[in-house]
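What follows is a single structure, written as structure tokens, with notes after it.
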Amino acid sequence: MKKPACMCLLAALAACLAGLAAGCAAVGERKGPPPTVACDDLVPPAAEAAPGVTGKHFVMNWMLLGPFTFKEEDFGGGHQQAAIDKEFMPGEGRLDGTQKPPPGAAWRSMRFTGGDHMGMIDLDAFYGGIEHAAAYAVAWLDCPQDMPSARLLVGSDDYIRIWVNGKLVHTYNKERRPGEQDQDAIAGVMLRKGPNRIVVKCVDVVLGWNFYFRLTDGQGRPIFVRPKL
Ligand SMILES: [Ca+2]
Ligand SMILES: [Ca+2]
């Protein structure tokens, strides 16, 4: 049965409030392509650049697809690490914002601010504090030149899987953990001149649900991210 308009408005208001609680600024709901809405510029560091990290080094513009919920007893219960292996969307490593979401999920473009946690993409607040859930985050990073040995520095609460230009480059599926900056380092990532697609899958078992994502060059110097939105 079709929901009354007032119910839809209430749902939209609740989602908006959840977004505000997440310390993120809504940049508008997407209704379809183009996927370039979440495209940022990467600015490689100069040779003399200092290694200091600021909020401007984290990728904060993402197209989110979710939430995909599961049950407490799924995946063997307990820590439920196997949830990160589940393909909640077919062809998950190549999501680009054009795929039709299943019932209960939606594409939404968001610019997060991190709030009190520099660089945090707070999915738990964004999705209203739900448990046993997964979401995808897609971003396009525009490189002015080939970067053959970029390094990804990521953190997650709880599990995370990452694809770069369709290639699986990282999975964290050990103990549940609170998310922090730079928990995992992925070296030798090839970024090519022009747009590069990043797909993140992040799974929450309980409580906090978030991830962090920044890049450095091969020498560990932070790459600056210039939002296009
Ligand atoms: Ca949660
Ligand atoms: Ca958690």
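All ligand and atom numbering here is 1-based and tracks the order in the structure. Only this structure's heavy atoms are used, side chains among them; waters, hydrogens and symmetry mates stay out. None of the values given here were measured: they were computed from a predicted structure.
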Verdict with reasoning, Arg161 to Asp85, per salt bridge (Lys or Arg N to Asp or Glu O under 4.0 Å)
CA-CA 9 Å; Arg161 177 163 284 177; Asp85 298 322; 2.8 Å; yes

Are the side chains of Leu95 and Trp163 in contact, using a 4.5 Å heavy-atom criterion?
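Side-chain contact under 4.5 Å: no.
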
Metal proximity, Val205 vs the Ca ion (ligand 1), N/O/S cut-off 3.0 Å:
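No, outside the cut-off.
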
Is Ile130 close enough to the Ca ion (ligand 1) that one of its N, O or S atoms comes in under 3.0 Å?
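A backbone or side-chain N, O or S atom of Ile130 is under 3.0 Å from the Ca ion (ligand 1).
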
Angle at the Ca ion (ligand 2) (to 10°), with one arm to OD1 of Asp157 and the other to O of Val206
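Between O of Val206 and OD1 of Asp157, at the Ca ion (ligand 2), the angle is about 160°.
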
Would you name the N/O/S atom of [X] that lies closest to the Ca ion (ligand 1)?
X      : result
Asp204 : OD2
Glu131 : OE1
Asp124 : OD1

Hey, is the Ca ion (ligand 2) within less than 3.0 Å of some N/O/S atom on Gly208?
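For Gly208, the answer is yes, given that an N, O or S atom comes within less than 3.0 Å of the Ca ion (ligand 2).
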
Do Phe126 and Trp62 make the cut of ring centroids closer than 6.0 angstrom?
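No.
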
Taking the six-membered ring for Trp, are Phe58 and Phe112 ring centroids under 6.0 Å apart?
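No, the ring centres sit 6.0 Å or more apart.
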
Just wondering, more than 12 heavy atoms not from Glu72 lying within 6.0 Å of its CD?
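No, because the 6.0 Å sphere around CD of Glu72 holds 12 heavy atoms or fewer from other groups.
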
The Ca ion (ligand 2) to Asp158: nearest N/O/S atom name
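The atom in question is OD2.
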
Looking just at side-chain N and O atoms, do Asp184 and His170 make a donor-acceptor pair shorter than 3.5 Å?
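Yes, a side-chain donor-acceptor pair sits under 3.5 Å.
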
